[in-house]
Amino acid sequence: MLADLKPRRKNLVFDLVEEAGYDTTDWVESFKRAAGYKANPKYCYEWGYVQPGRLIILNLWHSNMVEEHGQIVHRGTFRADAEFRRLNGAKQQWVDRARRLDGALQVALRENLPVRVIIVDGDRREKEAVDGPSSRVRCRELDPEPWTITAYDWDTGSCELTRGILDGRFVDQFDLEQTSKSGPERREVTTSSFVRDPAVRRRVLSRAKGRCELCGEQGFKMASGAVYLETHHIVPLADGGDDHAINVVALCANDHRCAHFGDDREEIARKLHAVANAFSDTASRIAVVH
Ligand SMILES: [Zn+2]
């Protein structure tokens with residue numbers, strides 16, 4: 001699957017962004033030599049394109065993508081990349097481009113915009129070679145499938161992108177919190193006093209597949225089409241519990257409250273341990289034994 005996505009043709013960026021639905025009016029108008037507008041340097045060297053209210057487009061290296069459980073995933077931290085470049089004296093334009101990629105993700109999250117990806121392949125500059133020659137793209141193609149931002153850490157910029165629209169994707173209270181972080185009224189979720197690993201929450205939510213791991217009921221469907229459950233640490237982090245899939249379950253909102261405040265919360269914790277244990281793989285067990 002991943003090999004099939006390797007781009008074989010060298011298309012013009014202009015043609016690809018236009019194909020994705022990006023408004024290229026300024027691309028044409030801000031360029032004096034009208035005939036060469038497709039090579040407008042104001043645009044064609046960018047790594048990402050943002051059209052507020054409509055979509056974002058990211059240039060992603062095929063070599064940075066991985067295949068996991070039948071899905072194509074790209075992980076990275078454009079913000080950290082920008083910072084690395086800045087600290088190592090890279091050209092300012094490279095720092096700015098990496099920063100703008102991070103900014104594009106935030107716009108997409110805030111406005112719930114579609115994410116399109118131009119998959120690129122070629123001679124990639126080593127990250128360490130900050131003053132070396134530019135990377136050289138040999139092939140680029142627009143992925144016909146949209147992508148989904150499946151995890152984003154607003155504090156660090158660490159991001160996971162997954163190919164495809166994850167219809168009925170699973171979200172929890174922290175996704176809501178992150179979305180609202182950018183809104184005018186910043187909502188605090190009282191139970192979220194610890195930094196959690198987004199990958200753990202993501203793993204648990206996909207394990208639960210939208211069903212409460214205590215009562216088995218389907219989480220409610222949100223206006224966005226996503227299914228909502230709350231992730232819960234069986235042994236609280238404050239009591240030394242691990243931020244690991246073996247100690248985390250996905251619960252319906254009611255059972256989540258019960259797990260914290262119900263008179264049977266100890267009995268609930270026993271059941272939840274059994275659930276999380278049953279699903280955990282060998283690696284999880286090892287990780288928790290240390
Ligand atoms: Zn439940």
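Indexing begins at 1, ligand by ligand and atom by atom, following the structure's order. The figures here come from the full heavy-atom set of this structure, side chains too, leaving out hydrogens, waters and symmetry mates.
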Original post:
So does Arg75 pair up with Glu160, basic N to acidic O under 4.0 Å?
Top reply: yes
Subject >> Heavy-atom donor-acceptor pair, Arg86 side chain to Asp81 backbone, under 3.5 Å >> reply: no
Sequence neighbours excluded and cut-off under 3.5 Å, please list the side-chain donor-acceptor pairs for residues 267-274, or say none.
residue	atom	partner	partner atom	Å
Glu267	OE1	Arg270	NH2	3.1

**OP:** Report the residues that fulfil salt bridge (charged side-chain N to carboxylate O under 4.0 Å, His left out) with Asp15, sequence neighbours left out, ordered by chain and then residue number.
**Re:** Lys38
Original post:
Roughly, to 10 degrees, what angle do Asp255 atom OD2 and Cys212 atom SG form around the Zn ion (ligand 1)?
Top reply: 110°
**OP:** Please determine if the Zn ion (ligand 1) has an N/O/S atom from His256 lying under 2.8 Å away.
**Re:** no
Original post:
Does the shortest distance from the Zn ion (ligand 1) to an N/O/S atom of Glu217 fall below 2.8 Å?
Top reply: no
